[in-house]
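Heads up, the thing below is written out as structure tokens.
Below, each value reflects all heavy atoms present in this structure, side chains not excepted, and no hydrogens, waters or symmetry copies. Note that ligands are numbered from 1 as they come in the structure, with each ligand's atoms numbered from 1 the same way.
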Amino acid sequence: MKFQKLAIISLIPIFWLLLLAYAAQPPFACHPSDPLTKSYPFCKTTLPINQRVQDIISRLTLDEKISQLVNTAPPIPRLGIPRYQWWSEALHGIAYFPANSSTYSIHFNGKIRAATSFPQVILTAASFDAHLWYRIGKAIGIEARALYNAGQSIGMTFWAPNINIYRDPRWGRGQETPGEDPVLTGKYAMSYVRGIQGDSFQGGKIGAEGHLQASACCKHFTAYDLDNWNGISRFVFNAQVSLQDLADTYQPPFEKCIKEGKASGIMCAYNRVNGVPNCANYDLLSKTARGQWDFNGYIVSDCDAVAVMYEDQGYVKSPEDAVADALKAGMDVNCGDYLKDYTGAAIKEKKLPVSEIDRALHNLFSVRMRLGLFDGNPDKLPYGNIRPEQVCSKEHQNLALDAARDGIVLLKNTGKLLPFSKSRTKTLAVIGPNANVAETLLGNYNGPPCKTVTPLQGLQRYVKNTRYHQGCNAVNCTSAFIKEAVEIAKGADHVVLVMGLDQTEEREDFDRVNLVLPGQQQKLITTIARAAKKPVVLVLLCGGPVDITFAKYDPHIGSILWAGYPGEAGGLALAEIIFGDHNPGGRLPVTWYPQNFTRVNMTDMRMRPDPSSGYPGRTYRFYRGPKVFEFGFGLSYSNYSYEFISVSQNEFYFNQHSSGHTSRNSETIRYTLVSEVSKEHCEKGKFKVKVGVKNYGEMAGKHPLQLFVRQARAGNGGAIKTLVGFQSVNLNAGERAQIEFKLSPCEQLARANKDGEMVIEEGSHFLIMGDQEYEINVII
Ligand SMILES: *[C@@H]1O[C@H](CO)[C@@H](O)[C@H](O)[C@H]1NC(C)=O
Ligand SMILES: *[C@@H]1O[C@H](CO)[C@@H](O)[C@H](O)[C@H]1NC(C)=O
Ligand SMILES: *[C@@H]1O[C@H](CO)[C@@H](O)[C@H](O)[C@H]1NC(C)=O
Ligand SMILES: *[C@@H]1O[C@H](CO)[C@@H](O)[C@H](O)[C@H]1NC(C)=O
Ligand SMILES: *[C@@H]1O[C@H](CO)[C@@H](O)[C@H](O)[C@H]1NC(C)=O
């Protein structure tokens with residue numbers, strides 16, 4: 001009797017596994033018609049997630065528990081729990097990852113064979129349009145859910161966005177980020193995360209335990225922005241970061257991503273910060289993220305980051321120590337195998353209590369539950385009705401086109417060379433190694449796109465008689481076909497050169513050593529420009545900035561466009577801009593430095609300049625040296641004028657609070673600590689800035705307004721100016737609009753002191769919009 005019952009029970013899970021495999025249904029736990037699952041509290045959707053998770057954990061053996069601590073989590077058939085793959089990527093569209101097909105999370109061999117490929121993030125950021133970022137996140141979340149519902153995915157945890165500050169122009173992964181500014185990056189993080197997770201644009205729709213459309217992950221926590229430079233790799237790099245830079249540059253995007261975006265994942269980075277590996281940093285993971293920022297979700301190591309602590313950094317004496325340190329710091333799941341291989345031994349050796357494993361499992365199963373993976377039949381779930389037709393839908397593909405249109409930056413347009421006349425351009429020459437390579441449009445962390453339009457293909461839609469030459473052997477342009485290219489250029493009404501970089505020049509694990517265009521690109525460009533009938537147009541496809549000073553001042557080069565890696569529709573967006581069907585409005589999200597910036601040590605994490613050693617500082621906030629182009633720069637076919645219409649308060653009193661002194665040039669500047677200002681006082685200080693903007697050009701345009709603040713006198717380490725707000729506005733030719741910004745002195749007028757505390761300093765502060773300034777005062 002007893003025996004018989006046991007036999008039946010042990011057969012049931014096998015039956016269900018087989019059924020699931022045959023039906024090719026998405027793998028979910030708690031199948032509604034599995035009699036076993038009815039009895040499990042963890043399957044009861046009416047119970048709080050907390051209780052359900054505790055129930056699962058209480059049923060697992062130690063070996064089963066340990067098996068779940070790695071990205072490729074195996075099934076637990078006796079409980080009907082399917083395997084799970086924590087690793088999926090969705091940087092700018094659903095991507096292929098991990099590449100190994102036996103452990104894949106998502107595959108494109110079913111009904112869904114492609115996904116919408118939005119522009120690489122650095123270009124999307126250039127739109128300065130948070131609502132666009134939100135809509136992209138939302139579209140990606142919908143496509144993720146469609147793949148899951150169609151049985152083509154066993155993972156709903158996406159390791160995006162990448163929100164490290166783009167600190168150094170050489171960084172191979174700068175292209176993946178929204179740029180160098182913490183406010184811009186924080187806003188990007190928040191908008192993208194809300195979109196992909198299924199929250200509203202304003203946030204607050206998903207509670208702490210709320211259902212997730214898909215899970216986002218803020219990475220790489222923290223101060224990670226060097227891959228492989230001058231023999232120093234991210235695996236061993238020990239970033240020396242001051243408390244001040246941490247507080248007002250490196251951490252704010254993560255704080256926004258977590259506190260306001262409510263991201264359900266964080267990835268700790270490979271590198272050490274001030275000696276401590278990020279994945280072993282209790283202060284960072286547990287005290288700051290979970291404690292101060294109320295993080296609710298799972299923390300994953302970057303892939304093999306736990307192994308790296310022992311094998312590359314020598315930070316610990318054994319693999320067991322690495323595993324124990326990471327779990328005790330608050331990491332929950334290891335991308336890699338270390339936790340699978342060494343957690344058992346760490347427990348035996350009493351380096352780690354089982355309670356740390358339970359704590360991690362609690363976070364892991366909570367996220368899987370919030371994704372609805374333990375709620376039975378996915379058809380019945382809140383996102384269960386998302387169908388394959390919603391992937392690569394017209395709407396999503398138009399959004400990818402919009403993002404490219406809105407991101408592309410016009411850097412030069414002498415004599416209004418652009419836009420070209422559609423009727424008078426009879427012949428066109430398109431030259432360059434980036435003119436017709438579909439793959440280049442997609443940057444990295446890409447999936448199979450719905451379609452692609454290269455710049456050449458886009459331009460051919462406007463001019464039938466288009467002649468093309470690649471100009472160089474490859475993007476590295478170790479040899480150029482100058483004679484052939486010149487021949488084509490000479491005969492054309494207009495010439496468009498499509499140059500720049502690709503993943504062979506900047507990528508993960510590969511930082512640049514130069515900022516100039518590779519090989520013979522410059523020579524090719526200037527030679528063709530001199531031979532052409534009219535000034536030429538130079539288009540740059542690249543993520544990171546390039547020093548194109550030569551082109552900026554060459555009268556034979558009339559116009560320059562930067563198009564990042566513009567995604568599946570990028571070539572069409574470019575052609576529309578070149579022929580005036582779209583008015584460019586993108587703005588650079590990074591400073592373009594001259595080549596001699598490469599004298600700066602890339603490992604130097606300091607944001608602030610150090611005049612005594614000639615260290616120039618970094619980003620528009622601190623770097624005072626020469627620039628090729630400024631952060632925030634971008635032209636348009638229209639011109640816009642600004643005025644400050646009203647500012648609801650222009651004096652801010654903090655005299656009732658404790659204050660101290662800081663000095664520069666023997667000046668004394670009084671300040672107050674933000675932490676000592678009451679919430680009510682901060683609230684009372686909130687003010688509205690009303691700005692007028694007018695399009696006095698001849699074309700309608702979408703125009704991003706950028707509001708900065710600068711201080712007349714700043715204490716040690718003050719920024720030149722700081723972005724405090726931005727909004728995008730559509731204006732017809734001649735149209736005027738009023739835009740309101742809401743600011744708080746406790747946030748937008750605060751900056752970090754040397755101890756990493758936020759302070760408000762006395763004296764004049766100037767609001768800046770274009771060429772207009774408005775003075776406000778802080779009185780301490
Ligand atoms: C793929 O993963 C499996 C299981 O982890 C492993 O055995 C195999 O060697 C991997 N294959 C490749 C090509 O990496
Ligand atoms: C230039 O690029 C080509 C094509 O990718 C490659 O085969 C060649 O090795 C590269 N040359 C150098 C010097 O990097
Ligand atoms: C680069 O050259 C310019 C002009 O000569 C100079 O002002 C600047 O300090 C140099 N930058 C670096 C990092 O050496
Ligand atoms: C560059 O920085 C690293 C550490 O940040 C330091 O060890 C090295 O000496 C520096 N090199 C120079 C030339 O300043
Ligand atoms: C915009 O203003 C600039 C500088 O004042 C001027 O050179 C340019 O011609 C103007 N462009 C348009 C479209 O009005």
Hey, can you tell me if Phe221 and Phe254 have their rings parallel, tilted or perpendicular (30° and 60° cut-offs)? tilted

Tyr224 and Arg167 side chains, donor-acceptor separation under 3.5 Å: no

Heavy-atom nearest neighbour in the protein, as seen from atom 7 (O) of ligand 3, with distance rounded to 0.1 Å: Pro626 CD, 3.8 Å

Answer with yes or no whether Gly625 contacts ligand 3, where contact means a heavy atom under 4.0 Å from a ligand atom. no

Is the Lys NZ or Arg CZ of Lys552 less than 6.0 Å from the centre of Phe633's six-membered ring, within 45° of the axis? no

Under 4.0 angstrom from atom 2 (O) of ligand 3, is there any protein heavy atom? yes

Nearest to atom 14 (O) of ligand 3, what protein heavy atom do you find, and at what distance? Arg599 NH1, 2.9 Å

Do the side-chain N and O atoms of His220 and Arg173 include a donor-acceptor pair separated by under 3.5 angstrom? yes

Enumerate the atoms of ligand 2 whose separation from the nearest heavy atom of Ala474 is less than 4.0 angstrom. 2 (O), 4 (C)

Within reach of ligand 3, part of Pro594 (heavy-atom separation under 4.0 Å): neither

Going by an N to O cut-off under 4.0 Å, is there a salt bridge joining Arg170 and Asp227? no

Can you tell me if Lys451 has over 12 outside heavy atoms packed within less than 6.0 Å of its NZ? yes

Looking at atom 8 (C) of ligand 3, what's its closest protein heavy atom, distance included? Asn596 ND2, 3.8 Å

If only side-chain N and O atoms count, and only distance matters, is there a donor-acceptor pair under 3.5 Å linking Thr478 with Gln520? no

Is there at least one protein heavy-atom neighbour under 4.0 Å from atom 5 (O) of ligand 3? no

Shortest protein heavy-atom distance from atom 13 (C) of ligand 2, along with the residue and atom involved: Thr478 CG2, 3.7 Å

Among protein heavy atoms, which lies nearest atom 11 (N) of ligand 2, and at what distance? Asn476 ND2, 2.9 Å

